[in-house]
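Accompanying notes for the structure given below.
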Amino acid sequence: MIPSALWAFLALLLFTFRFQSEAARKGNNRTLNSAKPALLQLSDYLLTHYRKGVRPVQDWRRTTNVAIDVMVYAILSVDEKNQVLTTYIWYRQHWIDEFLRWNPEDFDNITQMSLPTQSIWVPDILINEFVDVGKSPDIPYVYVRYHGEVQNLKPIQVMTACSLDIYNFPFDVQNCSLTFTSWLHNIRDINISLWRQPELVKFDKSVFMNQGEWELLYVLSHFQEFSVKGSDSYAEMKFYVVIRRRPLFYAVSLLLPSVFLMVMDIVGFYLPPDSGERVSFKITLLLGYSVFLIIVSDTLPATAIGTPLIGVYFVVCMALLVISLTETILIVRLVHKQDLQPHVPNWVKHLVLERATILLCIRDRKKFYPSRTQSSDISQHPENNDSTARLNHYGCENLREYERVAGARPLPAQGESSPVVASILQEISAIRQFLEKRDEFRDIAREWLQVGYVLDVLLFRVYLVAVLAYSITLGTLWSVWQYA
């Protein structure tokens, strides 16, 4: 009994000694820890034995899920020639790091803290469409919560390749994608998900700067898996940024001046076709439009794979101005120098002066019908004077020349009456032939002038219909594209 009691006493003394030493040690630690800030204690606790080169999971078979989110802040530039879109986005991602966990009660109830990004493991998620490194600010810290959640929030200037379609310029809508994926880890190691609901991401414009040239319509999100030639599958999250150009500036600076010049070209048809002012007016408009195209050439987007519709519009307007000038030159040529032209053919009179006037609904059509002048009627009467009949073979000569010859001739004597009468009759016949020839030229000129006026009205209406049809078609297309 004595030895057993002795052993019991010794065990009690040993337990008491251990309890006192443990209490003393805890007291010393509490005294030491009270002199060190809790954040430093927690930082040392988390990073002392941390290995940032290893994916932070206890079981290597467990997949690290990275949730990402994108908020578009601004559209900086759209380079149509190089097919590059520059945007400024707020990028957010979070994941679970199983090696960065602690009990808040042991560290002054700290539930989250910031740690240097270079000191912990960060997923290698990047954007596939990157073409250049933007001027993004460096955010060197991440937030870590006590249960191991790591939040990495940073703004990024993204310069990405995008297939830009400029055919509808300036009413174009562009759809550019931002594809986030892990460059190295397959889907068994790193999976990507969306931080928020797709509906919240789609219409989120809370931070977008909405005062620039481009308007943000929506941001679509889509998750998919892809593999290259039967290799491991990779997870990727696509964000489709849909933007629309504001066309007011281009409509005022490009479309309205072109429309005004075309209207002036149409108004120019009301100038008389038998005057030369219309030709000079049309040439002035053509030169003015050429200068206008030179000025706006730098404003139009240029690509090697397509031409915007507004460029085709300018080219067609230039072609219409050239056609209008050509038509004016032909009409002016038709109504001038009629003395060098023959009579208007009968088929031209029938088609132009009769049929075309009815087709064009010309009210006063009688003035375009062929008429015969009094001099022509006189010329059809038979000649009864033998002396005049004998002198008709002389033809038409200059009236002034006959006056000069007659004035220089001396007065005949009384016995020379017969030669004097013959000379007077000859001069009268020459004057009559001259007047008949002049009236004939006037009839020819009047006929060609009538043909020219009718053709001018016909070509003007055809030109007006072409311009209106072209303008209505383009206006309808641009309206559909604008409000689609």
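- Contact detail for Lys282 and Ser324: the closest heavy-atom pair is NZ-OG, 2.6 Å.
- Within the 4.5 Å cutoff, the side chain of Pro155 has no heavy atoms near those of the Ser136 side chain.
- A side-chain donor from one of Glu129 and Ser177 sits under 3.5 Å from a side-chain acceptor of the other.
- Side-chain contact between Pro123 and Gln93 is present, with at least one heavy-atom pair separated by less than 4.5 Å.
- A donor-acceptor distance shorter than 3.5 angstrom exists from the side chain of Gln174 to the backbone of Asp165, with no hydrogens or angles considered.
- You'll find the side chain of Tyr143 stays beyond 4.5 Å of the side chain of Val150, heavy atoms only.
- When the shell of 6.0 Å around OH of Tyr45 is examined, it contains 12 or fewer heavy atoms from other residues, nucleotides or ligands.
- With respect to the salt-bridge test (charged N to carboxylate O, under 4.0 angstrom), the residues Glu80 and Arg245 qualify.
- Taking 4.5 Å as the limit, every side-chain heavy atom of Asn152 sits out of range of all side-chain heavy atoms of Arg92.
- Defined by atom type and a distance below 3.5 Å, a donor-acceptor pair is missing between the side-chain atoms of Thr63 and Asn191.
- Checked for salt-bridge contact, Lys81 and Asp79 miss the test: no charged N lies under 4.0 Å from a carboxylate O.
- Heavy atoms only, all atoms of each residue included: Thr117 and Ile139 are closest at OG1-O, 3.9 Å.
- When all heavy atoms of Lys52 and Gln118 are compared, the pair lying nearest together is NZ-O, 2.6 Å.
- Heavy atoms of other residues, nucleotides or ligands lying less than 6.0 angstrom from CD of Glu98 number more than 12.
- Side-chain contact between Val72 and Trp90: absent, with no pair of heavy atoms (C-beta onward) separated by less than 4.5 Å.
- Atom OH of Tyr73 has 12 or fewer neighbouring heavy atoms from other residues, nucleotides or ligands inside a 6.0 Å radius.
- Judged by distance alone, the side chain of Tyr50 and the main-chain N or O of Trp121 form a donor-acceptor pair under 3.5 Å.
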Exercise for the section: I would like to know whether Met318 and Ser290 meet side-chain contact (heavy atoms from CB on, under 4.5 Å); could you show each step before the answer? Expected result: CA-CA 8 Å; Met318 175 70 76; Ser290 301; 3.4 Å; yes
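- Salt bridge annotation for Arg244-Asp172: absent, with no cationic side-chain nitrogen under 4.0 angstrom from a carboxylate oxygen.
- When all heavy atoms of Ile110 and Pro104 are compared, the closest pair comes out as O-CB, 3.4 Å.
- The CD atom of Glu149 lies 11.5 Å from the CG atom of Asp97; values are rounded to the nearest 0.5 Å.
- For His185 and Asp124, the side-chain atoms include at least one donor-acceptor pair closer than 3.5 Å.
- To the nearest 0.5 Å, atom OH of residue Tyr463 and atom CG of residue Leu468 are 10.5 Å apart.
- With rounding to the nearest 0.5 angstrom, the OG1 atom of Thr160 is 9.0 Å from the CD1 atom of Ile89.
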Practice task
For side-chain contact (heavy atoms from CB on, under 4.5 Å), just list the numbers for Asp232 and Arg188, CA-CA rounded to whole Å, side-chain angles, deciding distance to a tenth of an Å, and then say yes or no.
Solution key: CA-CA 9 Å; Asp232 294 334; Arg188 294 191 302 271; 3.9 Å; yes
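- With a 6.0 Å radius and a threshold of 12 heavy atoms from other residues, nucleotides or ligands, Phe223 has its CZ atom above the threshold.
- For the pair Leu255 and Ile310, the minimum side-chain heavy-atom distance is below 4.5 Å.
- The closest side-chain donor-acceptor pair between Glu213 and Tyr250 falls under 3.5 angstrom.
- Test Trp195, Tyr218, Phe180 against Phe239 for ring-ring contact (aromatic ring centres under 6.0 Å, His included) and you get one pass: Phe180.
- Nearest heavy-atom pair, Gly268 versus Phe281, reported as atom, atom and distance to 0.1 Å: CA-CE2, 3.7 Å.
- A side-chain N or O of Tyr289 and one of Ser258 form a donor-acceptor pair less than 3.5 Å apart.
- Because its NZ or CZ atom is not both nearer than 6.0 Å to the ring centre of Tyr141 and within 45° of the ring axis, Lys154 does not count as a cation-pi partner of that residue.
- Aromatic ring centres of Tyr146 and Phe107 lie farther apart than the 6.0 Å criterion allows.
- The distance from atom CD1 of Ile125 to atom OG of Ser182, rounded to the nearest 0.5 Å, is 6.5 Å.
- For Thr326 (side chain) and Val322 (main-chain N/O), a donor-acceptor pair under 3.5 Å exists by modelled atom type.
- To the nearest 0.5 Å, the span separating CG on Leu321 from CE on Met264 amounts to 12.0 Å.
- For the atom pair OH of Tyr91 and CD1 of Ile68, the computed distance is 5.0 Å after rounding to the nearest 0.5 Å.
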Practice task
Start with the C-alpha gap between Glu236 and Asn128, add the side-chain angles, then the distance that decides, and say whether side-chain contact (heavy atoms from CB on, under 4.5 Å) holds.
Solution key: CA-CA 10 Å; Glu236 67 176 18; Asn128 287 343; 3.9 Å; yes
Exercise for the section: Carefully, step by step, assess Leu309 and Phe171 under the rule side-chain contact (heavy atoms from CB on, under 4.5 Å). Expected result: CA-CA 10 Å; Leu309 183 60; Phe171 304 96; over 6 Å; no
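- Geometrically, Arg246 does not engage Trp214 in a cation-pi contact, judged by NZ or CZ lying under 6.0 Å from the ring centre and within 45° of the ring axis.
- Side-chain contact check for Phe226 versus Thr181: some heavy-atom pair is nearer than 4.5 Å.
- Annotation: side chain of Leu217 is not in contact with side chain of Ile243 (no heavy-atom distance under 4.5 Å).
- In terms of heavy atoms, Ser206 sits closest to Asp204 at OG-OD1, 2.8 Å.
- Crowding of Phe208 atom CZ: a count of heavy atoms from other residues, nucleotides or ligands under 6.0 Å exceeding 12.
- Remark: side-chain polar atoms of Arg278 are not paired, donor with acceptor, to backbone N or O of Thr328 under 3.5 angstrom.
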